[in-house]
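Below, all heavy atoms of this structure are taken into account, side chains as well, without hydrogens, waters or symmetry copies.
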Amino acid sequence: MAILTPISKSGFIMYVGGLEFFWTQFSGINDSSATGEYANGTGRRIYKVIGPRTIDDVTLTMPYDPSEATKVEQFWLEYDCAFLTITVQPVNCDGESFISEPYILEGVQLISLTVAEADRESGDVGTIEIGFTVN
């Protein structure tokens with residue numbers, strides 16, 4: 001029987017080509033297929049078929065630091081619809097030693113920027129978030 005050696009959610013480093021920042025959160029990859037249904041015409045049974053696959057949009061988030069946020073905002077303003085690459089690399093607890101092959105999302109495009117969310121009654125850390133569509 002295999003012995004599992006899982007890692008925590010903090011056991012990943014994430015980066016985007018062209019945006020070399022310390023991202024702390026990644027929304028995850030959800031790759032799913034559409035499904036359709038049909039009746040066989042003679043019985044009282046509904047069957048399912050699998051349709052095309054799609055990957056949901058993804059986000060990267062980091063704590064809001066004014067000097068780093070300015071760089072991300074500038075990248076957003078200058079973005080020219082070029083295709084980018086997101087890499088999500090599992091690492092050991094030292095944060096540097098790779099423990100398996102990375103997840104690589106190629107052909108992603110920047111679609112959103114969320115910044116300056118404010119709540120004067122909160123002690124939560126402010127964040128900056130960028131969203132991507134994945135092909």
Side-chain angles (χ1 to χ4, degrees):
M1 177 186 285
I3 297 174
L4 297 177
T5 54
I7 65 172
S8 68
K9 288 183 178 182
S10 64
F12 297 88
I13 55 173
M14 296 81 56
Y15 48 95
V16 179
L19 278 172
E20 305 305 323
F21 300 103
F22 297 102
W23 301 102
T24 58
Q25 294 179 327
F26 176 63
S27 61
I29 302 166
N30 183 16
D31 187 354
S32 60
S33 293
T35 59
E37 296 181 343
Y38 68 95
N40 68 354
T42 60
R44 295 178 43 94
R45 176 132 181 121
I46 301 293
Y47 294 89
K48 291 188 176 187
V49 294
I50 296 174
R53 287 177 41 194
T54 186
I55 298 178
D56 290 350
D57 294 343
V58 298
T59 58
L60 285 168
T61 307
M62 68 179 182
Y64 182 86
D65 175 297
S67 62
E68 296 299 311
T70 301
K71 295 174 191 173
V72 175
E73 292 164 5
Q74 193 62 39
F75 186 85
W76 168 258
L77 292 172
E78 295 172 0
Y79 180 66
D80 63 356
C81 298
F83 290 106
L84 304 168
T85 300
I86 296 175
T87 303
V88 181
Q89 176 69 62
V91 294
N92 277 323
C93 62
D94 64 6
E96 296 177 10
S97 305
F98 298 166
I99 58 176
S100 70
E101 295 297 315
Y103 296 94
I104 298 175
L105 301 173
E106 295 178 331
V108 302
Q109 291 181 295
L110 191 55
I111 58 169
S112 67
L113 170 69
T114 304
V115 67
E117 180 182 1
D119 182 352
R120 298 276 301 152
E121 296 178 0
S122 174
D124 294 343
V125 173
T127 60
I128 185 167
E129 178 180 280
I130 54 175
F132 299 89
T133 189
V134 182
N135 288 318

Taking Val115 as the starting point, is it possible to reach Phe132 by hopping between hydrophobic residues whose side chains are less than 4.5 Å apart? yes
Please say yes or no: joined through hydrophobic side-chain contacts below 4.5 Å, possibly via intermediate residues, are Ile29 and Leu84 part of one cluster? yes
Find the distance between CD1 (Ile111) and OG1 (Thr133) and round it off to the nearest 0.5 Å. 5.0 Å
So, for Pro102 and Thr87, which heavy atoms are closest and what is the spacing to 0.1 Å? CB-CG2, 3.7 Å
Closest heavy-atom contact between Thr85 and Val108? N-CG2, 4.1 Å
Any donor-acceptor N/O pair, Ser112 side chain to Gly131 backbone, under 3.5 Å: yes
Is there side-chain contact between Ile130 and Val72, with at least one heavy-atom pair below 4.5 Å? yes
Within the structure provided, determine whether Phe12 and Val91 are in side-chain contact (heavy-atom separation under 4.5 Å). no
Is any side-chain heavy atom of Thr54 less than 4.5 Å from a side-chain heavy atom of Pro52? no
Side-chain heavy atoms of Phe75 within contact of Leu110, under 4.5 Å: yes
Determine yes or no for a side-chain-to-main-chain donor-acceptor pair under 3.5 angstrom, with Tyr103 supplying the side chain and Gln89 the backbone. no
Does CD in Glu117 sit with more than 12 non-hydrogen atoms of other residues, nucleotides or ligands closer than 6.0 Å? no
I need the Leu105 CG to Ile86 CD1 distance, nearest 0.5 Å. 5.5 Å
Measuring from atom OG1 of Thr59 to atom CZ of Phe26, what distance do you get when rounded to the nearest 0.5 angstrom? 7.5 Å
Assigning hydrophobic clusters by single linkage (Ile, Leu, Val, Met, Phe, Trp, Tyr; side-chain heavy-atom cutoff under 4.5 Å), is Tyr64 placed with Val16? yes
Would you say Val58 and Trp76 are hydrophobically clustered, going by side-chain heavy atoms of ILVMFWY under 4.5 Å? yes
Give a yes or no on whether Ile7 and Val88 share a hydrophobic cluster (residues Ile, Leu, Val, Met, Phe, Trp, Tyr; joining criterion: side-chain heavy atoms under 4.5 Å apart). yes
Using a 3.5 Å distance criterion without hydrogens, assess whether the side chain of Gln109 forms a donor-acceptor pair with backbone atoms of Cys81. yes
Measure the CD1-CG distance between Ile55 and Asn30 for me, rounded to the nearest 0.5 Å. 9.0 Å
Closer than 3.5 angstrom, by distance alone: can the side chain of Thr24 be matched with the main-chain N or O of Thr61 as a donor-acceptor pair? yes
Tell me, do Val134 and Asp57 make a side-chain contact under 4.5 Å, heavy atoms counted? no
Mutual orientation of the aromatic rings belonging to Trp23 and Phe21 [parallel < 30°, tilted 30-60°, perpendicular > 60°]: perpendicular
Atom pair CG/OG of Asp56 and Ser32 - distance to nearest 0.5 Å: 5.5 Å
Please indicate whether Leu77 has more than 12 foreign heavy atoms, meaning atoms of other residues, nucleotides or ligands, lying under 6.0 Å from its CG. yes
For Glu101, I'd like to know if atom CD has over 12 heavy atoms of other residues, nucleotides or ligands within 6.0 Å. no
Once you round to the nearest 0.5 Å, how far does CZ of Phe22 lie from CG of Asp65? 11.0 Å
Among Glu129, Gln25, Met14, find the residue that satisfies the side-chain contact (heavy atoms from CB on, under 4.5 Å) test when tested with Leu60. Met14
After noting the C-alpha distance and the side-chain angles of Met62 and Thr127, does the key distance pass the side chain to side chain contact (heavy atoms under 4.5 Å, CB included) rule? CA-CA 6 Å; Met62 68 179 182; Thr127 60; over 6 Å; no
